[in-house]
Amino acid sequence: MKNKSRMPILIVPGKGPIILPPYGPGPVMPPNNEQNQPGGFPNFPPIPNQSPNENTNRIIIKIKSVFNDKFVQVGANRYLYSIGEYFNDGQVFVMILLDRNQIKIRIRGGNFIRIDDKGFLIADTDNKGASIFNIYSTSQNEYVLLAPNGYYVRVRESDNMLVARAENAGARTRFKFRKVQNY
């Protein structure tokens with residue numbers, strides 16, 4: 001996926017739909033097409049339609065790698081790994097929706113996720129130190145995360161660790177977000 005063909009997918013509640021110009025070649029989605037919004041996808045949690053407050057921009061999710069079909073967990077060293085076999089094995093995350101297609105990710109009831117100097121995702125910071133990711137749809141139920149270092153988050157083959165080092169979106173960079181109902 002080339003940088004110029006990506007289309008932002010998130011819309012900030014309370015600000016209405018944000019229609020962005022196309023970024024180059026590829027299909028242009030009509031402004032009121034439900035597929036242009038995350039809520040139109042069956043496995044993506046819908047964005048609430050309430051007035052903005054501290055809870056309307058948050059979605060509680062679990063993250064699953066499409067590459068190895070495993071849920072993301074936080075290891076003892078606070079780094080993120082895609083190693084959970086079952087839904088209950090996955091870490092519960094809070095996706096905080098910012099402006100347009102930008103998000104922050106935090107462990108539910110815990111620290112925020114940041115990118116360290118080597119590109120690894122680590123859960124050890126507060127809100128001010130959290131990395132801001134751009135999220136893009138690659139297909140109807142799959143998404144990629146573009147880290148602030150300019151690389152896509154991918155699953156490393158040797159140990160299933162999450163690292164932001166992929167120059168292009170591909171098989172290792174795709175993730176699914178599953179809404180958590182009872183947390």
Any side-chain heavy atom of [X] within less than 4.5 Å of one from [Y]?
X	Y	result
R78	D116	no
F112	I96	yes
L162	R156	no
V155	N160	yes
N111	V74	no
L145	I103	yes
K70	E85	yes
Y151	I115	no

[atom1] of [X] to [atom2] of [Y]: how many Å apart, nearest 0.5 Å?
X	Y	atom1	atom2	result
I132	I135	CD1	CD1	14.0 Å
F133	I105	CZ	CD1	5.0 Å
N134	Q102	CG	CD	5.0 Å

Side-chain donor or acceptor of K104 paired with backbone N/O of A130 under 3.5 Å: no
Say whether, by atom type as modelled, one donor and one acceptor occur between the side chain of Q73 and the main chain of D89 under 3.5 angstrom. yes
List the atom of [X], the atom of [Y], and the distance in Å for their closest heavy-atom pair.
X	Y	value
A169	V144	CB-CG1, 4.0 Å
V153	F175	O-CE1, 3.6 Å
I107	A123	CD1-CB, 3.3 Å

Who are the side-chain contact (heavy atoms from CB on, under 4.5 Å) partners of [X], not counting sequence neighbours?
X	result
E142	V66, T138, S139, R174, K176
E157	R172
A166	Y152, R154, T173

Connected hydrophobic set around Y81, excluding itself, where side chains approach under 4.5 Å: Y79, I83, F120, I122, M161, V163
Sequence neighbours excluded, the answer for side chain to side chain donor-acceptor pair (under 3.5 Å) partners of D124 is R114
Applying salt bridge (Lys or Arg N to Asp or Glu O under 4.0 Å), can you list everything that pairs with D69, at least two apart in sequence or on another chain? K64
Is there a side chain to side chain contact (heavy atoms under 4.5 Å, CB included) between K179 and I60? Walk through the geometry before answering. CA-CA 6 Å; K179 186 175 181 181; I60 300 172; over 6 Å; no
Report the C-alpha distance between V72 and Q91 in whole Å, list the side-chain angles of each, state the deciding distance to 0.1 Å, and finish with yes or no for side chain to side chain contact (heavy atoms under 4.5 Å, CB included). CA-CA 6 Å; V72 174; Q91 185 74 43; 5.7 Å; no
Parallel, tilted or perpendicular, judged at 30° and 60°: which one describes the rings of F71 and F87? perpendicular
